Amino acid sequence: MKKIVSFILISMGIFATPSYTGLTGGIDFPNAYILIDKNYTISGIVGTIDGDVQADFVIESNLLPQVEAGIKISTLQKEFDNSFLQSNFKFQIVGETEKNPAIAIGFTEFDEYDIQSDKEENQNDNSTAYAFMVASKNFKFRTANLTGSGGLYFSKPVKETNVDGFVSLEMPVSEAIKVISEVYTFEKNDDKRVSANVGFDFLTNEKFRTQVFWRERNSSFGVSVNYIGILNKK
């Protein structure tokens, strides 16, 4: 029982579910934490993008200290009928202390970010990858330990580099359920827009967790099932 309780406490803290990009984080955006050493995750994701059904497969690992990296196979249907082998990388520059937040940098290829804009704009005005810098901090609110993150992401459309911001909040509502919310800016028709995501993260058991999420930007809904494993366990 003590082992299970310890696992739950770790899971609700820095060992968060991989985001849609594959990196540890919220829904669309990473946080500044890294998977526990020698841990890996395997995720299957099914969702909708502007009415099109999409299935994704993600493998994520932490083989080196302060480094998290992985690959994602993403399949889009209809006019986006292609398979994408995407990569991601995150390096934690500074770990979290009692007073200071964790800070990380990295990059990710992200077809969902690209496609969330109007399809007519997809060919000209959006990037399929972005670099990011993010800071995260755990703080206590009443009896709950919340995790807040904020950062910048840099995308490269055809004409110029866009700099946008995002903030996220991970809030446990029980020992096995966590609410995740994100607010972020993006460029559309040369204007800065604001959108939001919300989801629920369920700790199904010691090895699996399930996340359901909704994106305001394109009214998309998705479900992610995540397996947690340990390399060279003795």
Side-chain angles (χ1 to χ4, degrees), residues 10-36 39-45 47 56 58-62 66-72 74 86-96 101-113 116 129-139 145-155 164-172 178-186 195-203 209-217 220 222-228:
I10 292 173
S11 299
M12 299 307 287
I14 64 174
F15 193 21
T17 304
S19 64
Y20 213 125
T21 62
L23 292 168
T24 302
I27 299 171
D28 279 347
F29 300 98
N31 58 31
Y33 300 119
I34 301 292
L35 289 172
I36 297 172
N39 271 225
Y40 68 91
T41 63
I42 299 175
S43 303
I45 308 168
D56 303 291
V58 182
I59 299 176
E60 194 74 19
S61 66
N62 174 18
Q66 297 178 272
V67 175
E68 183 179 309
I71 59 172
K72 177 180 178 180
S74 181
Q86 303 170 347
S87 61
N88 59 64
F89 173 86
K90 178 163 62 173
F91 173 66
Q92 188 183 66
I93 302 173
V94 178
E96 183 178 11
I103 300 175
I105 59 174
F107 72 88
T108 180
E109 297 175 275
F110 189 20
D111 56 280
E112 287 80 12
Y113 166 72
Q116 280 181 353
Y130 65 75
F132 64 85
M133 174 178 288
V134 59
S136 299
K137 188 76 174 70
N138 280 285
F139 56 95
N145 290 314
L146 310 183
T147 300
S149 298
L152 299 174
Y153 64 102
F154 310 85
S155 57
D164 289 286
F166 64 93
V167 294
S168 66
L169 180 66
E170 301 173 40
M171 180 179 67
K178 178 171 57 178
V179 178
I180 303 172
S181 59
E182 297 175 329
V183 177
Y184 61 97
T185 64
F186 66 99
S195 190
N197 304 324
V198 65
F200 291 88
D201 195 13
F202 302 91
L203 186 65
R209 58 165 45 79
T210 302
Q211 184 185 94
V212 295
F213 56 86
W214 177 79
R215 297 186 181 100
E216 176 194 20
R217 186 170 173 178
S220 67
V223 177
S224 170
V225 178
N226 174 240
Y227 171 80
I228 306 160

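We number each residue from 1, following the sequence as shown. Nothing here was measured: the structure is a model prediction, and the numbers come from that model. Below, each value reflects all heavy atoms present in this structure, side chains not excepted, and no hydrogens, waters or symmetry copies.
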For a side-chain contact (heavy atoms from CB on, under 4.5 Å) with Phe213, tell me which candidate from Asn197, Ile45, Val223 qualifies. Ile45
Indicate yes or no: at least one non-hydrogen side-chain atom of Phe132 is less than 4.5 angstrom from one of Lys90. yes
Sub-4.5 Å side-chain heavy-atom contact between Pro101 and Asn138: no
So CD1 of Ile105 and CG of Leu152: to nearest 0.5 Å the spacing works out to 13.0 Å
Residue among Val179, Thr147, Leu203, Leu146 satisfying side-chain contact (heavy atoms from CB on, under 4.5 Å) with Pro172: Leu146
Which residues share a side chain to side chain contact (heavy atoms under 4.5 Å, CB included) with Ser87, sequence neighbours left out: Phe107, Glu109
To the nearest 0.5 Å, what is the distance between CZ (Phe200) and CD (Gln211)? 11.0 Å
Side-chain donor-acceptor pair present, Thr108, Asn88, cut-off under 3.5 Å: no
Closest non-hydrogen atom pair between Gln66 and Gln92, with its separation: NE2-O, 2.7 Å
Taken to the nearest 0.5 Å, the spacing of Asn62 CG from Tyr33 OH works out to 15.5 Å
Do Val58 and Thr41 make a side-chain contact, defined as non-hydrogen atoms from C-beta onward lying under 4.5 Å apart? no
Ser195: what forms a side chain to side chain contact (heavy atoms under 4.5 Å, CB included) with it, not counting sequence neighbours? Tyr184, Phe186, Glu216, Arg217
Under the 3.5 angstrom rule, does the side chain of Ser136 hit a backbone N or O of Ala32 as a donor-acceptor pair? yes
Closest non-hydrogen atom pair between Phe139 and Gly148, with its separation: CE2-N, 3.8 Å
Shortest non-hydrogen pair, Ile228 vs Arg209, comes out as CD1-NH1, 2.8 Å
Side chains of Phe166 and Val134: does their closest heavy-atom pair fall under 4.5 Å? yes
Rounded distance [0.5 Å steps], CD1 in Ile180 versus CG in Asp201: 4.5 Å
Which distance, rounded to the nearest 0.5 Å, do you find between the OG1 of Thr24 and the CG of Leu35? 3.5 Å
Partners passing side chain to side chain contact (heavy atoms under 4.5 Å, CB included) against Val167 (at least two apart in sequence or in another chain): Val183
Nearest 0.5 angstrom please: Ile34 CD1 to Leu23 CG, how far? 8.0 Å
